[in-house]
Amino acid sequence: MSSAVPRGETPAPPVGTSRLTVLSGPSGVGKSTVVAHMRKAHPEVWLSVSATTRRPRPGERHGVQYFFVDDEEFDKLVANGELLEWAEFAGNRYGTPRQAVLEHLERGEPVLLEIDLQGARLVRESMPDARLVFLAPPSWEELVRRLTGRGTEPPEVIERRLEAARTELAAEAEFDTTLVNTSVEAVSAELLALMRID
Ligand SMILES: Nc1ncnc2c1ncn2[C@@H]1O[C@H](COP(=O)(O)OP(=O)(O)OP(=O)(O)O)[C@@H](O)[C@H]1O
Ligand SMILES: Nc1nc2c(ncn2[C@@H]2O[C@H](COP(=O)(O)O)[C@@H](O)[C@H]2O)c(=O)[nH]1
C-alpha cells in the first residue's frame, strides 16, 4: 500500500512502559471521539499530542489536536531523534514526540497514544510492554459512512484512507485486544477497564 509505508523508529527507552496504551484502527472508526469521551471523565489519562505535516482542519489548534509543522520542521524532529515513532499516512507524516511520553511514563501516569498501524508496530518493537488496542468498526459500510460523514476530507483523500483501512483491518490479529466501536460510551468504558482505570 503506497500510502502507509513504515518510515521511522528510534531506540527503546529505559523506563517502565506497562502503563502505555496504543489505540489504533482505521481512519474514521472513532478513535478521537472515544478518547475525548473517555478523557472528559478521566482527565488523568495523558494523551500524547503528535506532530504532523497535515494541514489543520477547521477548529483544530496547534498544540491541542496536533503540533502542525511543515516538512522541514518534521525532518528536523526526525533527524534530532525527537520522535518515538513516525510514519507516513495518506500523504502526510505523523510522529509521537518522545520526551513527553517518557516523562509521563516516568511519573507512573497512564499514557495513551492514538496512532496508525505502522506506528503501533514500531512501538511494539521499541516498547514491548505497551498494550496495543485495535478499534474496529461494526462493519465496513459503517466505517465508510463515518469517514465520509465527518466531512473533513475530499473524496480522493477518503479513498486513500479507505485503502489504508483495508490493510489496517487485516492486521487486527497483531493487537492484544480488539474493541468494536458500536457505542462510544461502551467502548470508552472498555478502554478504561483495559487501562485499569476505575
Ligand atoms: N460509535 C459511534 N457511532 C456513530 N458515529 C461515531 C461513533 N464513533 C465515532 N463516530 C463518528 O465517526 C466520525 C469519525 O470519528 P473520529 O474522527 O473520532 O475517527 P478517528 O478514528 O479518530 O479518525 P482519524 O483516524 O481519521 O483521525 C465522527 O464523525 C464521529 O462523530
Ligand atoms: N504513526 C502515527 N500515526 C499517527 C500519529 N498521530 C496520528 N496518527 C494517525 O494518523 C491517522 C490520520 O490522522 P488524522 O488526524 O489526519 O485523521 C490516524 O490513524 C491517526 O491515528 C502519530 O504520531 N504517529
Side-chain angles (χ1 to χ4, degrees), residues 1 3-10 20-39 47-62 64-69 74 77-78 82-98 100-101 111-127 130 132-139 141-154 157-165 167-169 171 175 179-191:
M1 185 181 61
S3 60
V5 181
R7 296 294 173 102
E9 178 187 15
T10 42
L20 177 62
T21 301
V22 175
L23 183 66
S24 292
S27 177
V29 70
K31 299 180 295 297
S32 302
T33 306
V34 166
V35 169
H37 181 84
M38 187 186 89
R39 291 184 72 240
L47 175 67
S48 168
V49 177
S50 298
T52 184
T53 58
R54 169 168 78 62
R55 296 262 179 88
R57 294 175 186 143
E60 287 186 329
R61 286 187 293 135
H62 184 77
V64 179
Q65 287 81 14
Y66 283 105
F67 296 107
F68 295 98
V69 299
F74 200 97
L77 293 174
V78 173
E82 290 183 50
L83 299 179
L84 186 62
E85 61 74 34
W86 69 276
E88 186 177 325
F89 180 89
N92 292 298
R93 287 185 291 172
Y94 300 80
T96 304
R98 169 200 297 280
V101 169
V111 168
L112 187 58
L113 307 186
E114 192 196 312
I115 61 177
D116 84 327
L117 169 66
Q118 307 164 83
R121 285 173 171 160
L122 293 168
V123 171
R124 162 131 294 164
E125 281 173 33
S126 63
M127 299 164 107
L132 266 53
V133 180
F134 187 79
L135 193 62
S139 66
E141 291 71 25
E142 176 62 12
L143 178 68
V144 175
R145 223 178 348 259
R146 287 182 192 175
L147 186 54
T148 311
R150 189 171 67 187
T152 50
E153 273 77 32
V157 176
I158 289 178
E159 272 315 307
R160 289 185 83 166
R161 286 174 178 245
L162 289 175
E163 189 191 328
T167 303
E168 292 178 302
L169 289 169
F175 287 75
L179 302 177
V180 180
N181 182 16
T182 303
S183 145
V184 172
E185 293 75 18
V187 91
S188 301
E190 288 166 359
L191 185 57

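Atoms within each ligand, like the ligands themselves, are counted from 1 in listed order. Remember, predicted model here, so these are calculated numbers, not experimental data.
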Please could you name the atoms of ligand 2 that [X] approaches to less than 4.0 Å, counting only its heavy atoms?
X	value
F89	11 (C), 12 (C)
A87	1 (N)
K31	19 (O), 21 (O)
D116	1 (N), 2 (C), 3 (N), 4 (C), 9 (C), 19 (O), 21 (O)
G119	1 (N)

Can you tell me how far apart CG (L23) and CG (L112) are? Round to the nearest 0.5 Å. 6.0 Å
Rounded to the nearest 0.5 Å, what's the gap from CG on L191 to NZ on K31? Could you check? 13.0 Å
Option with minimal heavy-atom separation from atom 24 (N) of ligand 2, where the choices are E85, E60, R54: E85
Minimum non-hydrogen distance to atom 17 (O) of ligand 2, winning option of R57, E168, E114, R55: R57
Would you find a donor on one side and an acceptor on the other, under 3.5 Å apart, between the side chain of Q65 and the backbone of R61? yes
Taking atom 6 (N) of ligand 2 as the reference point, the nearest protein heavy atom with its distance: S50 OG, 3.0 Å
Return yes or no for this condition: an N or O of [X] is under 3.5 Å from an N or O of ligand 2.
X	answer
Y66	yes
W86	no
S27	no
G95	yes

Taking atom types as modelled, is there a side-chain donor on E114 or S32 under 3.5 Å from an acceptor on the other? yes
Any E153 heavy atom less than 4.0 Å to ligand 2: no
Please verify the inter-ring angle class for F134 with F175; under 30° counts as parallel, over 60° as perpendicular, anything in between as tilted. tilted
Can you tell me how the ring of H62 sits relative to the ring of F67, calling it parallel under 30°, perpendicular over 60° and tilted otherwise? perpendicular
I need the contact residues for ligand 1: any residue with a non-hydrogen atom closer than 4.0 Å to the ligand, ordered by chain then number. P26, S27, G28, V29, G30, K31, S32, T33, E114, R146, R150, R161, N181, T182, V184
P138 side chain near R146 side chain, heavy-atom distance below 4.5 Å: yes
Ligand 2 contact on Y94 by region, counting heavy-atom pairs under 4.0 Å: both
Of the backbone atoms (N, CA, C, O) and the side-chain heavy atoms from C-beta on, which set of Q65 has a member under 4.0 Å from an atom of ligand 2: side chain, backbone, both, or neither? neither
Ion pair check, R145 and E142, cut-off under 4.0 Å: yes
Ionic contact status for E85 with R121, cut-off 4.0 Å: no
